[in-house]
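Labels below follow one simple rule: chain letters A, B, ... track the order of the sequence lines, proteins then strands, and each chain is numbered from 1. These values consider heavy atoms only, across backbone and side chains, with no hydrogens, waters or symmetry-generated copies.
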There are 2 protein chains.
Amino acid sequence: MEKERPSITTDVVIFTIHQNDLKVLLIKRKINPYKDHWALPGGFVKVNESLEDAAKRELVEETGVTEDSADIYLEQLYTFGHLERDPRGRVITVVYMALINSDDVKLHASTDASDAQWFSVSKFPGLAFDHAKIISYALQRIMWKFEYTTVAFSLLPNKFTISQLQRIYEIVFNKKFDKRNFNKKVLSLNILRGEEVKRDVSYRPPKLYSLKKKIGDIIKII
Amino acid sequence: MEKERPSITTDVVIFTIHQNDLKVLLIKRKINPYKDHWALPGGFVKVNESLEDAAKRELVEETGVTEDSADIYLEQLYTFGHLERDPRGRVITVVYMALINSDDVKLHASTDASDAQWFSVSKFPGLAFDHAKIISYALQRIMWKFEYTTVAFSLLPNKFTISQLQRIYEIVFNKKFDKRNFNKKVLSLNILRGEEVKRDVSYRPPKLYSLKKKIGDIIKII
DNA sequence: ACAAAAGTGTTGAGAGTACACCCATGC
DNA sequence: GCATGGGTGTACTCTCAACACTTTTGT
C-alpha cells in the first residue's frame, strides 16, 4: 500500500540584512533538474533526523555557521506538496525560515562565493522549482513576525542601539518610521534593558540596549 | 542514499461549533499502534495526491461532507516530524485544520457514532501519538485566525445574525463581549451586507447579514 | 402581560501619529 | 567649528472599553 512513497526534503529561506538591504541566500545547482539555476539551500530528510535538524544541517552546510550559534532563529514556514513541483517525481518539501545576525554574515561570506550568494529580496534571478513562490511566502511571514514578535532582534548583535533596530524595521517593511515615535514605542514595551553607551563612534555616543525577552516571544511591536 | 524514506501522512483537526461549544472530531483507532485510542482523522498521502487533497479525503471520509461543499475552510497548520512520534517508525505528518459549518454538522453526526465522535476541546480523552499537542497547536491557531481574519464566518450559514457571530467568538475565545461594542465593531468594518430580517422567531426579529469578503481574508476583527 | 432576545449612544482613557530642534562626540 | 547621528515633548485624532434601557415579536 505504501510501496511508492513521496520523497521528503527541507528547504531553508535564510535571511540576513546586509548593506541596508534584506538578503536571501541562494545556491547554484550543480545537478539536474535545473542545473545551473539558483535555488534555495535544501536536501533530503534523512530517516533518523528530525525536520528541524535537517533544516539546520542545510543551514550549516551552506553558511558555515556553527550549529550552536545562538544567533540563529529558525522556524518552520510551510510544507509545499503540489504534484508537479519537481520534475523528478513526487517531492514534498518542508520549508524553514532562518534569520541570521549580520555580524555572522561577514564571517561566512567566505564560503566560496560562486555557488552560494546573497541576493536582495527585491532583485533575485529566476529560480528552480517553486522557490520564487516560497520566498514570497517567507517575505509575508517575516513581516508578520516582525510586527508581532521579537524575531527582529535575531538580526542584531546582543547589544544594539535603538536606531539599529529601527533600521532593520525600515528595511523589512520598506518604509520610514518617525524616530521619536519609534523610540517611544519600543521603550514603552519594557522589553529592553539599558546597557553602557557605545564609545567608538565619531558622533554623539548612542546608548546600547539588550533584549529582556526571548527571541520569538509574542508581543505587538509596531 | 534515499533507500529508506520517512513515511508521510496527513492529519486533520476538524472543528465545529455545537451546543455552544467548540468541538473537535476524533476517531477510535481500530488497529495498532494505539488500538482503541482516540486520534485525529488521518492517513498516508498517496503518491499522486496533493497534501490538500489528502486532507480533504480524510475530511470527507470521516464526516461524509461532500467535497464540493463551499462551507468548509481548510488550511495547513504545521508539519510534525519528531523521530519518536510514531512507534512504527519514521512518520512525518502534515496537519491541516478544517472549520465546518454547524448546519452541516447535523447531517453528519449520522456517521456511525461509535468510532467517530465530536469532543469538546476543553474535555477530550487521552489521544494517540502526539495528537494532544497538535490539537493544542490548532487551538492557538484558530484564535489567532479569528482575531485577524474572516475565518469565523465559515462556521456560520450564509446569512446570519450579529449575535450568532458574537456567540462563536465568545465560544472560541471563551469570554464574553459587550453586545453594543461588538455590534459597533463588526458593522464598522464594512464587511457585512444587510439582508432581510429573520421571521421565524418568537421574539423581536433579528436582521440577517451576509459576508462581503472571502472567507480567510485578512482583516483585524477583534 | 410576559418572556426572550434585538437594538442602540455616550463618555473617558489610552494609543497612535504628526511634527522640529538641540546635543555630544571625533576630527 | 563642522559633520554626524543621538536624543527628546506636545497636541490631535482615533480606537477601545465600560456601561443600561427600550423595542419587537410570539404566546
Side-chain angles (χ1 to χ4, degrees), chain A residues 17 19-20 102 143-144 146-150 152 156-157 159-171 173-210 218-222, chain B residues 17 19-20 102 143-144 146-149 152 156-157 159-210 218-222:
Chain A
I17 286 186
Q19 293 166 333
N20 278 346
S102 46
M143 284 201 252
W144 187 257
F146 261 53
E147 193 164 353
Y148 293 106
T149 77
T150 59
L156 290 172
K159 294 181 184 177
F160 49 86
T161 67
I162 305 279
S163 62
Q164 283 180 291
L165 181 65
Q166 181 173 344
R167 207 164 305 127
I168 68 172
Y169 270 91
E170 291 182 336
I171 290 165
F173 288 105
N174 194 28
K175 77 185 233 203
K176 291 282 177 202
F177 294 96
D178 179 81
K179 185 167 50 155
R180 283 162 294 188
N181 292 338
F182 190 88
N183 268 34
K184 213 185 319 164
K185 188 71 208 303
V186 298
L187 291 175
S188 76
L189 295 173
N190 193 28
I191 57 173
L192 298 184
R193 186 186 356 263
E195 305 278 353
E196 76 279 8
V197 297
K198 190 172 172 161
R199 284 247 153 259
D200 57 350
V201 290
S202 73
Y203 44 85
R204 176 171 176 175
K207 190 164 182 185
L208 290 166
Y209 292 87
S210 60
I218 294 177
I219 175 170
K220 176 108 173 37
I221 309 275
I222 293 296
Chain B
I17 286 186
Q19 294 166 333
N20 279 344
S102 47
M143 285 201 252
W144 186 256
F146 262 52
E147 192 163 352
Y148 293 106
T149 77
L156 291 171
K159 295 180 183 177
F160 50 85
T161 67
I162 305 280
S163 61
Q164 282 180 291
L165 181 64
Q166 181 173 344
R167 208 164 304 128
I168 68 172
Y169 270 91
E170 291 182 337
I171 290 165
V172 168
F173 287 104
N174 194 29
K175 76 185 235 203
K176 293 282 178 201
F177 293 97
D178 178 81
K179 184 165 53 154
R180 285 162 292 189
N181 292 338
F182 190 87
N183 268 35
K184 213 183 321 161
K185 188 73 207 301
V186 297
L187 291 174
S188 75
L189 295 174
N190 193 29
I191 57 173
L192 298 183
R193 187 184 358 261
E195 306 277 351
E196 77 280 5
V197 297
K198 189 172 173 162
R199 282 248 154 258
D200 57 349
V201 290
S202 72
Y203 45 84
R204 176 170 177 175
K207 190 165 181 182
L208 291 166
Y209 292 87
S210 61
I218 295 176
I219 174 171
K220 176 107 174 34
I221 309 275
I222 293 297

Rounded to whole angstrom units, what separation is found between the [atom1] atom of [X] and the [atom2] atom of [N]?
X	N	atom1	atom2	result
K176(B)	dC19(D)	NZ	P	16 Å
F160(A)	dG6(D)	CZ	C1'	16 Å
K179(B)	dA4(C)	NZ	P	14 Å
L187(B)	dG9(C)	CG	P	12 Å
L208(B)	dT25(D)	CG	P	14 Å
F182(B)	dG7(C)	CZ	C1'	15 Å
Y203(B)	dG26(D)	OH	P	12 Å
R167(A)	dG6(D)	CZ	C1'	11 Å

Side-chain donor/acceptor of [X] to base of [N], under 3.5 Å:
X	N	answer
K185(A)	dT17(C)	no
K184(B)	dT10(C)	yes
N183(B)	dA6(C)	no

Check: So how far is it from I171(A) CD1 to F146(A) CZ, rounded to the nearest 0.5 Å?
Finding: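 Answer for the CD1-CZ pair, I171(A) versus F146(A), is 9.0 Å.
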Checklist line | Interatomic spacing from NZ in K184(A) to CZ in R180(A) - rounded to 0.5 Å | finding: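 That separation rounds to 8.5 Å.
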Looking at the side chain of [X], which of [options] is the nearest nucleotide?
X	options	result
D178(A)	dG7(D), dC19(C), dA6(C)	dC19(C)
S202(B)	dG9(C), dC23(C), dG26(D)	dG26(D)
P205(A)	dG7(D), dA24(C), dC19(C)	dA24(C)
P206(A)	dG6(D), dA6(C), dA18(D)	dG6(D)

Notebook entry, point to check: Is the F177(B) ring parallel, tilted or perpendicular to the F182(B) ring (thresholds 30°, 60°)?
Noted result: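 Correct class here is tilted.
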Check: Should E147(A) and K220(A) count as side-chain neighbours, where that means a heavy-atom distance under 4.5 Å?
Finding: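 In short, these two side chains touch, coming nearer than 4.5 Å.
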Next item on the list: Would you mind classifying the nucleic acid contact of K207(A) as base, sugar-phosphate or nothing, using non-hydrogen atoms under 4.0 angstrom?
Entry: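 The answer is sugar-phosphate, as K207(A) gets under 4.0 Å only of primed atoms, P, OP1 or OP2.
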Note to self: Students often get this wrong, so: under 4.0 angstrom with heavy atoms, is S163(A) touching a base, only sugar-phosphate, or nothing?
What the structure shows: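 Touches sugar-phosphate only.
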Note to self: Would the distance check show the side chain of K185(B) and the main-chain N or O of I221(B) forming a donor-acceptor pair, the cut-off being under 3.5 Å?
What the structure shows: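 Present.
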Margin query: Taking 4.0 Å as the cut-off, does a side-chain nitrogen or oxygen of R199(A) come that near to OP1 or OP2 on dT25(C)?
Written below: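 Affirmative; the distance criterion is met.
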Notebook entry, point to check: Taking for each residue the nucleotide of DNA chain D with the nearest heavy atom, is it K220(B) or R180(A) whose nucleotide lies nearer the 5' end?
Noted result: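 With K220(B) and R180(A) compared, the 5'-side residue is R180(A).
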Notebook entry, point to check: If you find the nucleotide of DNA chain C closest to D200(A) and the one closest to Y209(B), which residue's nucleotide is nearer the 5' end?
Noted result: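 Per heavy-atom nearest nucleotide, the more 5' residue is Y209(B).
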